[in-house]
There are 2 protein chains.
Amino acid sequence: MATTTRTAERARVTYFPQLAAERLDIALCRASAAVARAADARATEEGLGVGQHLVLQMLDAVGPCSQQTLSEELRIDRSVMVSVCDDLEQAGHVRRERNPRDRRSYAVTITDSGRRRLAEAQTSIPAFLEDAFHPLTPEERGQLSALLGKLLGIGS
Amino acid sequence: MATTTRTAERARVTYFPQLAAERLDIALCRASAAVARAADARATEEGLGVGQHLVLQMLDAVGPCSQQTLSEELRIDRSVMVSVCDDLEQAGHVRRERNPRDRRSYAVTITDSGRRRLAEAQTSIPAFLEDAFHPLTPEERGQLSALLGKLLGIGS
DNA sequence: GGCAAATCGTTTGACAGAAGATGATTTGTG
DNA sequence: CACAAATCATCTTCTGTCAAACGATTTGCC
């Protein structure tokens, strides 16, 4: 059985380079979603999904925001942001108050509980990040971040 | 309205670097899925989805394969491969014959029609690939492919 | 002030992809 | 040969994402 797997593995390495580079970019981008998905699943298991983590980070860094701003900055759909904030609010990590200057929007604010949870996450996260990205050296991870960021129009 | 969008755009560029790099990798991987999704949507509009294109490319390059092999190589789930092959078969681009040596599996074979379609795609595709990846130089695209490939354990 | 258009948060529905179960067939072992 | 385990394609179910529509509110324009 191990041999079977290894055969498939070898074939995989053999075939791929033969595919024209034309579509390889897209196939890889698509496949990289699997990395994000796996990491997200594991993070959710540990009680703080990637989306929630990003929201807490941003609130901690820049102060109260509307859900609109959060979803634009973090590239999370508005309708998804609703449940992300629902969960965070239910866990007591954020408060939702109507913005008095524009009562259409909320002012989402991180709580002390949220800050503590964020601090916890900062210690527990690196381990499985290391796991998810272990094929790459730290330098390569930086390059990857930079390239994807540029592709998405983020940062200078 | 244009100004609003531009403001949001500026904010986006402003906020992101403030987020710790911790989770940025994952956020970017997740976001890159959107690039793949958009490209796939557009390719599907033109009548040949990315999955279908990859299958035709691989069949053309390495000859008849089982769906199992195709899905392993191309990182497309088996259950998804079913409908990809269904569509290609219905369009007459591939044939499915039972493999006489192992009648559990199909021998999926590209047809002349499939080869013609593939040739067409090779000319119509580059335009919107260019569009999807235009923020990157050709060299950077190569780096991105290489990094994602390494992350996913493909090649070398 | 008053009306049209835009915005924010939310809900709903459509749809793709992933996981798990199933049936047919093959392989391995006694 | 017979039976257990593995494999291939398929089907069903579940989850996550996106688009469109809605009520509440604000903004722009007269």
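Chain A is the first sequence line, chain B the second, and so forth, proteins listed ahead of strands; every chain is numbered from 1. Predicted model only: the values in this text are computed from it and were never measured. Basis for what follows: all heavy atoms, side chains included, without hydrogens, waters or symmetry-related copies.
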Using whole Å, what does the distance between atom [atom2] of nucleotide [N] and atom [atom1] of [X] come to?
{"X": "R37(A)", "N": "dA16(C)", "atom1": "CZ", "atom2": "P", "result": "15 Å"}
{"X": "R75(A)", "N": "dT17(D)", "atom1": "CZ", "atom2": "P", "result": "16 Å"}
{"X": "R104(B)", "N": "dC8(D)", "atom1": "CZ", "atom2": "P", "result": "6 Å"}
{"X": "L70(B)", "N": "dC8(D)", "atom1": "CG", "atom2": "P", "result": "12 Å"}
{"X": "D86(A)", "N": "dC8(C)", "atom1": "CG", "atom2": "P", "result": "18 Å"}
{"X": "I76(A)", "N": "dG16(D)", "atom1": "CD1", "atom2": "C1'", "result": "13 Å"}
{"X": "Q67(B)", "N": "dA24(C)", "atom1": "CD", "atom2": "C1'", "result": "14 Å"}
{"X": "R78(A)", "N": "dT12(C)", "atom1": "CZ", "atom2": "P", "result": "16 Å"}

For L70(A), run the side chain to side chain contact (heavy atoms under 4.5 Å, CB included) check against L59(A), L54(A), I76(A) and tell me which one passes.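 Exactly one candidate clears the test, L59(A).
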Lys/Arg-Asp/Glu bridge criterion (N-O < 4.0 Å) met for R95(B), E89(B):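 Salt bridge between R95(B) and E89(B), a charged N being under 4.0 Å from a carboxylate O: no.
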R42(A) and E45(A) ion-paired at < 4.0 Å: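 Salt bridge flag = no for E45(A) with R42(A).
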Residues of residues 95-103 of chain A with any non-hydrogen atom less than 4.0 angstrom from an atom of DNA chain D: list those, numerically ordered, please.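 Hits under 4.0 Å, by residue number: D102(A), R103(A).
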Ring-face cation contact, F133(A) with R141(A), 6.0 Å cut, 45° max: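 Relative to the ring axis of F133(A), which defines the angle, R141(A) lies outside at least one limit.
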Whichever of C85(B) and D77(A) has its nearest DNA chain D nucleotide further upstream toward 5':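 It is C85(B) whose nearest nucleotide is closer to the 5' end.
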Of the nucleotides [options], which has the atom closest to the [X] side chain?
{"X": "V80(A)", "options": "dA9(D), dT17(D), dT7(D)", "result": "dT17(D)"}
{"X": "S79(A)", "options": "dC8(C), dA18(C), dA19(D)", "result": "dA19(D)"}
{"X": "V82(A)", "options": "dT26(C), dC8(C), dT10(C)", "result": "dT10(C)"}
{"X": "Y106(B)", "options": "dT26(C), dG17(C), dT10(D)", "result": "dT10(D)"}

Within a radius of less than 6.0 Å around CD of E97(B), do more than 12 heavy atoms belonging to other residues, nucleotides or ligands occur?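 Yes, enclosed.
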Polar side chain donor-acceptor pair, R96(A) to Q67(A), under 3.5 angstrom: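 Q67(A) and R96(A) do have a side-chain donor-acceptor pair below 3.5 Å.
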Report which part of the nucleic acid S66(B) touches: base, sugar-phosphate, or nothing (heavy-atom distance under 4.0 Å, all strands).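 The residue S66(B) makes sugar-phosphate contact but no base contact.
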So does Q68(A) get a side-chain nitrogen or oxygen closer than 4.0 Å to the phosphate oxygens (OP1/OP2) of dC8(C)?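 So the side chain of Q68(A) is within the cut-off, an N or O lying under 4.0 Å from OP1 or OP2 of dC8(C).
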So, S105(B) side chain and D102(B) main chain: donor-acceptor pair closer than 3.5 Å or not?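 Checked: pair present.
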